[in-house]
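Have a look at the structure below before the remarks.
Only a predicted model underlies this, so the values are computations on that prediction, with no experimental measurement involved. Both backbone and side-chain heavy atoms feed into the values below; hydrogens, waters and symmetry mates do not.
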Amino acid sequence: MSYNNNYSKEDIIRIAKEENVRFIRLQFTDLMGSIKNVEIPYSQLEKALDNKMMFDGSSIEGYVRIEESDMYLYPDLDTWVIFPWVTESKVARLICDIYMPDGKPFAGDPRAILKNALKQAEEMGFTAMNVGPEPEFFLFKTDEKGNPTTELNDQGGYFDLAPMDLGENCRRDIVLTLEEMGFEIEASHHEVAPGQHEIDFKYADAIKAADQIQTFKLVVKTVARQHGLHATFMPKPLFGMNGSGMHCHQSLFKGDVNAFYEENDKLGLSNVARQYMAGVLRHARSFAAITNPTVNSYKRLVPGYEAPVYVAWSASNRSPMIRIPASRGLSTRVEVRNPDPAANPYLALAVMLAAGLDGIKNKMQLPPPTDRNIYVMTEEERESDGIPTLPLNLKQALDELLRNDVICDTLGEHALAHFYELKEIEWDMYRTQVHQWERDQYLSLY
């Protein structure tokens with residue numbers, strides 16, 4: 001996964017031959033964040049590396065209609081990696097950008113949307129957006145048919161060790177597999193809820209970080225299955241327990257200089273960092289549909305379970321949406337805590353970056369920090385401090401999204417229209433469904 005390989009086409013063909021790679025998966029991500037791939041035999045590798053591999057875009061969620069379905073996969077050579085879990089008939093993968101037959105990038109490709117947002121940052125003088133993501137997940141037992149149950153595989157809590165943390169062996173194997181694939185793992189531990197885990201990997205530039213999140217999900221699910229477990233990145237699988245977040249640590253660089261650091265500032269934060277945060281806070285309600293994209297996401301964003309509900313910031317407090325971790329100098333960064341791992345990482349990073357850049361462009365004023373525990377404040381206190389809440393449900397989030405030109409422009413017309421349409425269907429299916437809770441509550445009562 002280390003993208004400093006600078007692989008050439010010839011390198012990849014040589015490595016594939018030496019390592020006896022039989023199949024190559026050309027991977028990309030659909031609008032909903034699902035990994036898709038076109039698998040080709042080794043004999044077709046050269047054709048793929050020449051960007052001549054076509055696929056039918058009409059069969060992919062949120063892509064195109066049948067009459068304009070031909071699309072090309074352009075592999076990013078630096079994403080070449082051989083899957084360590086396949087021993088016979090080795091399989092490798094390349095992450096691809098999607099192009100139209102006329103040679104233009106496809107407007108609905110999430111990776112292209114993030115690249116466009118990064119171009120805007122570059123035009124403003126920023127050479128990189130660095131991101132350190134923290135995707136959490138649950139491990140559940142599977143039944144005799146291999147289907148997931150809601151039975152947890154342990155009763156561990158935050159930082160617990162075996163015997164309480166029965167996921168430890170699975171988690172260790174996930175870490176070893178990730179390291180074999182070039183990840184630099186910084187920490188791996190049990191999370192707050194039973195069955196919940198977190199593995200943190202080293203920050204990277206935004207495109208690589210989003211690629212890594214997708215690869216991470218694939219590895220976690222694959223290794224869990226080998227342990228007879230089901231790994232899920234669903235934001236809130238169980239009532240009454242903490243949900244899974246994907247906190248995103250982010251900073252902007254100009255060459256080797258962290259644009260968020262200011263030595264003489266009381267908090268070590270530059271004006272750029274403050275304006276960036278102001279932009280993220282200003283647009284937070286509007287980009288929630290992207291960072292928290294499912295009906296279930298909003299079951300996580302409730303008070304009492306360590307997930308942020310309020311649009312505020314602090315250097316010390318964990319209840320606001322943005323926290324400033326203690327490290328300074330090159331490590332100065334802002335931690336945006338509302339995203340969850342159901343988000344499409346390319347789109348989530350694109351909208352957060354766009355929000356922050358808008359803050360810098362318009363020299364937005366950062367409101368004062370909220371160093372009290374917001375969960376114990378009354379509604380009146382929050383209102384007088386100017387602390388809004390994140391949307392209460394997916395429908396509210398979708399309405400906020402449509403009202404915000406900055407976020408809509410970042411997604412572009414194609415992605416916005418298809419994303420909105422798919423999510424509206426999801427909300428409608430949920431809204432019209434009769435749930436077990438309602439039957440338990442009302443069937444006897446009325």
Check: [Y] and [X] side chains under 4.5 Å, non-hydrogen atoms:
X: R431; Y: Q433; result: no
X: R282; Y: M364; result: yes
X: Y276; Y: L281; result: no
X: F419; Y: L411; result: no
X: I174; Y: I199; result: yes
X: Q396; Y: R285; result: yes

Please list, chain by chain and in numerical order, all residues satisfying side chain to side chain donor-acceptor pair (under 3.5 Å) with K202, sequence neighbours excluded.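 K202 satisfies side chain to side chain donor-acceptor pair (under 3.5 Å) with no other residue.
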
Can you list the residues that meet the side chain to side chain donor-acceptor pair (under 3.5 Å) rule with E186, with sequence neighbours excluded?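 Expected list: none.
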
K141 side chain to E151 backbone, donor-acceptor under 3.5 Å: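 Answer holds: no.
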
Between [X] and [Y], ring centroids under 6.0 Å:
X: F137; Y: H197; value: yes
X: F28; Y: F55; value: yes
X: F253; Y: F126; value: no

Verdict with reasoning, E18 to R14, per salt bridge (charged side-chain N to carboxylate O under 4.0 Å, His left out): CA-CA 6 Å; E18 284 170 4; R14 177 180 48 77; 3.6 Å; yes

Name all pairs fulfilling the salt bridge (charged side-chain N to carboxylate O under 4.0 Å, His left out) condition that reach into residues 223-252, sequence neighbours left out, sorted by first residue then second.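 Residue pairs with at least one partner in residues 223-252: there are none.
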
Could you name each residue pair satisfying salt bridge (charged side-chain N to carboxylate O under 4.0 Å, His left out) that touches residues 95-105, not counting sequence neighbours?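 Applying salt bridge (charged side-chain N to carboxylate O under 4.0 Å, His left out) to every pair that reaches into residues 95-105, excluding sequence neighbours, yields D97-R111, D97-K115.
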
Which pairs, with at least one residue in residues 344-358 and sequence neighbours excluded, count as a side-chain hydrogen bond (donor to acceptor under 3.5 Å, both in side chains)?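 Found D211-Y346, H283-D358, D358-N362.
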
Go through it in stages, so that I can follow the logic: the residues are H435 and Y430, the test is ring pair (Phe, Tyr, Trp, His ring centres under 6.0 Å), and I'd like the CA-CA distance, side-chain angles, deciding distance and then a yes or no. CA-CA 9 Å; H435 300 271; Y430 172 72; 4.9 Å; yes

By side-chain contact (heavy atoms from CB on, under 4.5 Å) - contacts of Q120 (at least two apart):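 Listed in chain order: L357, K361.
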
Taking NZ, NE, NH1 and NH2 as the nitrogens, is one of them in E400 or R403 under 4.0 Å from a carboxylate oxygen of the other?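 Looking at R403 together with E400, the answer is yes, because their closest N to O distance falls below 4.0 Å.
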
Using 4.0 Å as the upper bound for N to carboxylate O, is an ion pair formed by K423 and E421?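 No, E421 and K423 are not salt-bridged.
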
To the nearest 0.5 Å, how far apart are [atom1] in [X] and [atom2] in [Y]?
X: N292; Y: F287; atom1: CG; atom2: CZ; value: 8.5 Å
X: L94; Y: N37; atom1: CG; atom2: CG; value: 11.5 Å
X: S244; Y: D340; atom1: OG; atom2: CG; value: 8.5 Å
X: K119; Y: L114; atom1: NZ; atom2: CG; value: 11.0 Å

Are F201 and F216 close enough, and set up right, to give a ring pair (Phe, Tyr, Trp, His ring centres under 6.0 Å), and what steps lead you there? CA-CA 9 Å; F201 38 95; F216 176 80; 5.3 Å; yes

